[in-house]
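To keep things clear, I will list the structure first and then write my remarks on it.
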Number of protein chains: 2
Amino acid sequence: MSPRAGLDRNKILQMAGELADAHGLDNLTLAGLAKALGIRSSSIYNHVEGLPELRHQLAVHALRQLYDRMLHAAAGRARDEAIHAIGRAYVEFAREHPGLYEAALRAPAPGQEELTRISEAIVKLLTDVLEPYGLAGDDAIHAVRALRSVLHGFASLEQKGGFGLPLDLDETFRRMLDIVIAGISRSSEHGPDQTSDGHDEGSHRRIRFS
Amino acid sequence: MSPRAGLDRNKILQMAGELADAHGLDNLTLAGLAKALGIRSSSIYNHVEGLPELRHQLAVHALRQLYDRMLHAAAGRARDEAIHAIGRAYVEFAREHPGLYEAALRAPAPGQEELTRISEAIVKLLTDVLEPYGLAGDDAIHAVRALRSVLHGFASLEQKGGFGLPLDLDETFRRMLDIVIAGISRSSEHGPDQTSDGHDEGSHRRIRFS
DNA sequence: TGACAAAAACTAATGATGTTAGTTATATTA
DNA sequence: TAATATAACTAACATCATTAGTTTTTGTCA
């Protein structure tokens with residue numbers, strides 16, 4: 001029946017992602033994955049080191065997709081519009097791929113550079129989008145953290161069924177983003193402008209891992 | 001050595017919580033728990049139905065503690081001060097008890113009334129604290145959702161080590177709360193006052209599971 | 001005080017899973 | 001076509017959750 005299934009790491013991650021989305025990341029097992037792929041579970045070790053490694057690879061796979069979606073959403077937009085588009089992309093990804101989102105946001109083991117790198121790219125994207133608001137130094141970092149907290153908090157609670165009432169969740173999300181945007185604008189208006197000087201294109205654009 | 005260890009459900013949950021805090025909820029096993037308690041793992045079934053039930057009980061245990069902390073923090077305070085106190089209590093609990101917090105926030109299986117009840121109590125607490133801001137109907141629900149998103153998003157990201165920079169996290173958290181408070185105040189000032197009428201003590205105080 | 005009943009611990013066994021070691025079969029390529 | 005790399009396999013083991021049945025302890029009541 002299957003003396004060579006023709007699998008590779010990508011097909012395995014693909015199927016693993018589908019299973020995680022369908023049944024939850026916690027229910028993703030090598031045994032179940034192997035069955036879905038039509039092979040024996042020990043054969044998976046030809047492509048992936050083991051279950052922890054599979055979950056790590058899945059996290060990278062997922063975070064990359066999430067970043068891509070945010071990046072595309074931000075293309076050609078600026079300011080409030082860009083933030084809303086990124087936010088929409090974020091929650092849509094979490095809704096469509098609950099298992100992948102869960103994998104992406106699980107605590108990364110120390111020394112997983114790949115995940116760190118993508119995380120930093122996401123932070124840089126948010127930092128760039130916030131730049132027109134004229135935030136300086138620490139203010140920018142605080143703002144990016146706030147944005148990330150709101151995105152993850154909402155997506156995570158929604159995924160867990162934490163919001164019980166039928167009231168429109170998209171409306172909640174839009175308002176929440178508007179609140180954060182208003183707060184950011186306010187703080188950039190009369191806060192002390194500590195560090196930035198208008199045309200330092202090089203240094204103030206360095207990646208910040210908020 | 002131990003023909004009667006003198007255990008009960010509470011002592012078991014206590015130890016389970018300590019293990020979860022120390023090694024992560026995912027690494028909490030019946031085998032490890034039994035070893036820590038000095039009994040055989042099958043003996044745990046005299047007190048708890050099995051691993052899923054243990055995790056559920058732990059979630060209830062944890063959410064109850066979290067609620068208590070929030071409640072005590074809110075006592076004797078109002079408005080901004082109350083919100084900051086509740087927020088502080090929330091993140092402190094997540095920091096001190098990462099395993100318990102994780103357990104409390106895991107997706108509840110359908111039909112787990114106990115968890116739902118405590119969740120509703122938390123929502124009611126937040127609703128009450130937001131009441132002085134004069135939010136009406138849907139506005140109040142959106143506001144509570146925003147607050148919960150911020151609390152959980154921040155606590156969760158911090159727990160996962162999602163914030164890389166050394167910049168003071170407490171400062172970030174304070175600012176974030178101020179932003180949300182400002183947004184809530186703003187929306188209550190000129191938003192359409194749809195439903196509430198000043199002295200309907202009964203109906204507008206009913207529990208809302210936001 | 002002493003027997004009985006409830007329950008808390010135990011032993012033993014089973015099935016699922018992750019993992020490793022060693023084997024076979026297939027595809028690629030020299 | 002022969003040789004090599006590799007993708008799959010079988011077999012085996014450790015760990016874990018779980019169930020069934022047994023022993024032991026504790027508390028209660030005659």
When the distance from [atom1] of [X] to [atom2] of [N] is rounded to whole Å, what number comes out?
| X | N | atom1 | atom2 | result |
| --- | --- | --- | --- | --- |
| A/Asp26 | D/dC16 | CG | P | 18 Å |
| B/Arg9 | C/dA9 | CZ | P | 14 Å |
| B/His23 | D/dC16 | NE2 | P | 13 Å |
| A/Leu51 | D/dT15 | CG | P | 17 Å |
| A/His47 | C/dT19 | NE2 | P | 16 Å |
| A/Arg40 | C/dT23 | CZ | P | 19 Å |
| B/Leu37 | C/dC10 | CG | C1' | 15 Å |
| B/Leu30 | C/dA9 | CG | P | 15 Å |

Mark yes or no for a side-chain to base donor-acceptor pair under 3.5 Å between B/Asn46 and C/dA7, with no hydrogen or angle criteria applied.
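Flag unset: no donor-acceptor pair detected.
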
Look at A/Arg106 together with A/Glu102 and state whether they make a salt bridge at an N to O cut-off of under 4.0 Å.
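Answer for the salt bridge query: yes.
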
Salt bridge (charged side-chain N to carboxylate O under 4.0 Å, His left out) evaluation trace for B/Arg117 with B/Glu114:
CA-CA 5 Å; B/Arg117 211 149 44 81; B/Glu114 187 65 11; 2.4 Å; yes

Return the 5'-most residue of the pair A/Tyr45, B/Ser42 with respect to DNA chain C, ranking by each residue's nearest nucleotide.
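Between the two, 5'-proximity favours B/Ser42.
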
Let me know which of A/Phe163, A/Tyr90, A/Tyr101 forms a ring pair (Phe, Tyr, Trp, His ring centres under 6.0 Å) with A/Phe154.
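Answer to the ring pair (Phe, Tyr, Trp, His ring centres under 6.0 Å) test with A/Phe154 among A/Phe163, A/Tyr90, A/Tyr101: A/Phe163.
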
Closest to side chain of A/Ile39, choosing from D/dA8, C/dA9, C/dT19:
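My answer, after comparing the listed nucleotides, is D/dA8.
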
Six-ring centre of A/Tyr133, A/Arg79 cation under 6.0 angstrom, axis tolerance 45°:
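Geometry flag: set, cation within 6.0 Å and 45°.
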
Is A/Ser43 touching bases, backbone alone, or none of the nucleic acid, heavy atoms closer than 4.0 Å?
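Base: the residue A/Ser43, judged by heavy atoms under 4.0 Å, touches a nucleobase.
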
